2 protein chains.
Amino acid sequence: MAEHESHQSNDSPLLETVSLFQGLAPAERQEVYQAAHHRAVEKGELFFVQGEEAHTLYVLTQGRVRLNQLSPEGEQVLLRVIVPGQLFGGVAVLSGTAYPAAAEAVVPSEALGWDGETMARLMERYPAIARNALRLLAERIQELQERYRELATERVERRVASAVLRLARQTGRKVEGGILIDFPLSREDLAAMTGTTLYTVSRILKRWEKEGLVEAGRQRLLIRSPHGLVALAEDLPPALEAPS
Amino acid sequence: MAEHESHQSNDSPLLETVSLFQGLAPAERQEVYQAAHHRAVEKGELFFVQGEEAHTLYVLTQGRVRLNQLSPEGEQVLLRVIVPGQLFGGVAVLSGTAYPAAAEAVVPSEALGWDGETMARLMERYPAIARNALRLLAERIQELQERYRELATERVERRVASAVLRLARQTGRKVEGGILIDFPLSREDLAAMTGTTLYTVSRILKRWEKEGLVEAGRQRLLIRSPHGLVALAEDLPPALEAPS
DNA sequence: CGCTATTTTGAGATGGCTCAAGCTATGTGG
DNA sequence: CCACATAGCTTGAGCCATCTCAAAATAGCG
């Protein structure tokens with residue numbers, strides 16, 4: 001029957017953990033799931049491009065997606081990295097405008113999509129979805145405001161430290177020796193997240209490596225000492241090795 | 001009876017223009033209005049402080065309010081300026097967290113306030129309010145993202161130009177000779193909006209004044225040539241005087 | 001095994017910050 | 001109504017964090 005070739009179920013076990021659908025009964029989630037269409041994109045491909053009229057709101061189910069915003073002059077900013085369970089494209093759909101950024105899969109990725117009208121209908125029927133959406137957007141605003149302040153008032157090294165920690169929290173995988181950022185992340189990506197250049201990021205990572213804070217490879221970042229980075233991000237006195 | 005000493009009505013003519021309540025019938029707006037309480041604060045006073053648990057969502061009816069975010073290190077960022085009709089404090093109430101910024105009246109100001117539960121109840125009853133709120137938040141996110149990119153990729157002068165233009169659009173008053181920013185705005189305020197220092201802003205304004213773009217006084221800014229500023233903000237070739 | 005993307009490193013330039021000092025409106029109390 | 005206090009603004013000089021540009025090293029990938 002109408003069955004997607006999904007990974008491990010024809011049910012909506014995945015949606016259980018999606019905060020947009022929190023508070024729905026299983027049967028309701030099932031209905032929401034039925035209304036979705038499934039989309040898979042290759043590494044490097046886009047779910048949507050910046051400027052395209054927004055039609056679909058996605059929830060990522062597999063992979064990692066970057067939201068890039070391009071300035072009129074062609075400079076890129078990496079607004080955020082989406083991990084499974086998170087919403088993307090929603091802002092544009094809800095405000096009825098064009099996508100303000102492009103969504104690029106950094107690894108092979110899959111998502112569920114609902115077009116604007118469908119989602120409006122679902123929200124109508126299940127106000128909990130609208131409430132959740134409000135809460136999610138409000139949280140996004142708070143985070144954005146904080147990052148805005150960070151960018152406005154803090155030096156590069158600290159911004160990079162914050163960005164790395166944020167990534168670690170979002171998409172870090174515990175491995176022996178530390179926390180590994182779980183997708184290919186280049187110096188240039190980090191630069192685009194923090195408003196600096198890839199050269200400066202490279203130098204900073206080298207320095208951190210010397211200090212034993214991280215282990216940085218080609219598109220790879222292992223955080224050996226989250227504490228050390230937190231200290232940097234918050235400008236604590238650089239943690240003495242052996243307090244007397 | 002229970003009548004506020006409001007400026008010119010016991011009705012809700014004001015709410016008509018508030019986008020949060022767009023789409024409500026007059027009677028419904030009336031009910032919304034009944035549920036509000038009225039609050040006036042003096043110049044320099046705060047509607048709420050940063051970190052305070054969020055209880056009330058406001059719509060400004062009179063005056064101008066600044067939303068300031070303070071960094072842990074004590075540096076200030078001016079996130080936005082609220083003009084009558086706009087919502088503030090809503091993000092914190094909707095996400096159920098503490099206010100992420102302080103709201104300071106830059107001139108004597110008045111607002112209508114609803115506490116979180118009341119607003120939740122109203123949204124329940126009138127889904128249009130929830131829809132409007134979603135749209136408003138989505139628009140805020142878009143604006144913030146854009147400003148984030150601006151801060152990340154553009155030089156100070158251009159950022160200041162953009163900030164001034166934004167203010168002019170929001171709260172500019174046409175007067176003879178140009179557009180006047182309609183509330184006291186210091187060099188330091190502009191610096192806090194654009195992530196720079198008051199010294200740099202001062203120099204930039206002086207330069208613009210020499211070029212005839214603006215007229216800058218003590219906490220006063222008159223834009224003589226919006227076009228010139230737009231050119232700066234967008235890095236067009238600096239508008240030739242007389243194209244041959 | 002060679003090609004290409006990524007990263008490192010150096011050297012030099014500079015935009016904007018910092019600090020210090022003086023200036024000037026504005027409002028206030030005598 | 002004046003003189004003074006104050007908050008806001010200007011200006012200079014020096015510095016430095018970060019950017020730029022150039023070039024070489026490295027690592028994957030096909």
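Throughout, protein chains are lettered first and strands after them, A, B, ... in sequence-line order, and every chain is numbered starting at 1. Note that the structure is a prediction, hence the values are computed from the model and not measured.
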Rounded to whole angstrom units, what separation is found between the [atom1] atom of [X] and the [atom2] atom of [N]?
{"X": "Glu157(B)", "N": "dC17(C)", "atom1": "CD", "atom2": "C1'", "result": "17 Å"}
{"X": "Ile204(B)", "N": "dG16(C)", "atom1": "CD1", "atom2": "P", "result": "7 Å"}
{"X": "Gln219(A)", "N": "dT4(C)", "atom1": "CD", "atom2": "P", "result": "17 Å"}
{"X": "Arg207(A)", "N": "dT8(C)", "atom1": "CZ", "atom2": "C1'", "result": "14 Å"}
{"X": "Glu154(B)", "N": "dG16(C)", "atom1": "CD", "atom2": "C1'", "result": "16 Å"}
{"X": "Leu221(A)", "N": "dT7(C)", "atom1": "CG", "atom2": "C1'", "result": "14 Å"}
{"X": "Tyr199(B)", "N": "dA20(C)", "atom1": "OH", "atom2": "P", "result": "10 Å"}
{"X": "Asp189(A)", "N": "dA5(C)", "atom1": "CG", "atom2": "P", "result": "15 Å"}

- Message: With a 3.5 Å cut-off and heavy atoms only, can you find an N or O donor on one side and an acceptor on the other between the side chain of Arg203(B) and the base of dT18(C)?
- Response: yes
- Would you tell me whether Thr194(A) and Thr196(A) have side-chain atoms, one donor and one acceptor, within less than 3.5 Å of each other?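 No.
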Decide yes or no for [X] and [Y]: does some side-chain heavy atom of the first lie under 4.5 Å from some side-chain heavy atom of the second?
{"X": "Glu154(A)", "Y": "Arg149(A)", "value": "yes"}
{"X": "His55(A)", "Y": "Phe48(A)", "value": "no"}
{"X": "Val164(B)", "Y": "Trp208(B)", "value": "yes"}

- Item | Along DNA chain D (nearest heavy atom to each residue), the more 5'-positioned of Arg218(A) and Thr197(A) | Thr197(A)
- Query: So what does Arg187(B) touch, heavy atoms closer than 4.0 Å: a base, only the sugar-phosphate, or nothing?
  - Reply: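 Answer is sugar-phosphate: Arg187(B) comes under 4.0 Å of backbone atoms only.
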- Using a cut-off of strictly less than 4.0 Å, decide whether Ser186(B) has a side-chain nitrogen or oxygen near OP1 or OP2 of dG8(D).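 Checking dG8(D) against Ser186(B), no side-chain N or O comes under 4.0 Å of OP1 or OP2.
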- Phosphate contact (dT18(D) OP1 or OP2) by Thr200(A) side-chain N/O below 4.0 Å: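 Checking dT18(D) against Thr200(A), no side-chain N or O comes under 4.0 Å of OP1 or OP2.
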- If you check the Thr196(A) side chain, which of dT18(D), dT7(C), dT10(D) turns out closest? dT18(D)
- Item | Nucleotide nearest Val156(A) when distance is taken to its side chain, options dT18(D), dT9(C), dG8(D) |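 Out of dT18(D), dT9(C), dG8(D), the nucleotide with an atom closest to Val156(A)'s side chain is dT18(D).
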- Task: Give me the one residue out of Arg173(B), Lys174(B), Arg169(B) that meets salt bridge (charged side-chain N to carboxylate O under 4.0 Å, His left out) with Asp182(B).
- Result: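 Between Asp182(B) and the candidates, salt bridge (charged side-chain N to carboxylate O under 4.0 Å, His left out) is satisfied uniquely by Arg173(B).
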- Item | 5' priority, DNA chain C, between Arg220(A) and Arg155(A) [closest heavy atom] |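 On the 5' side of the pair lies Arg220(A).
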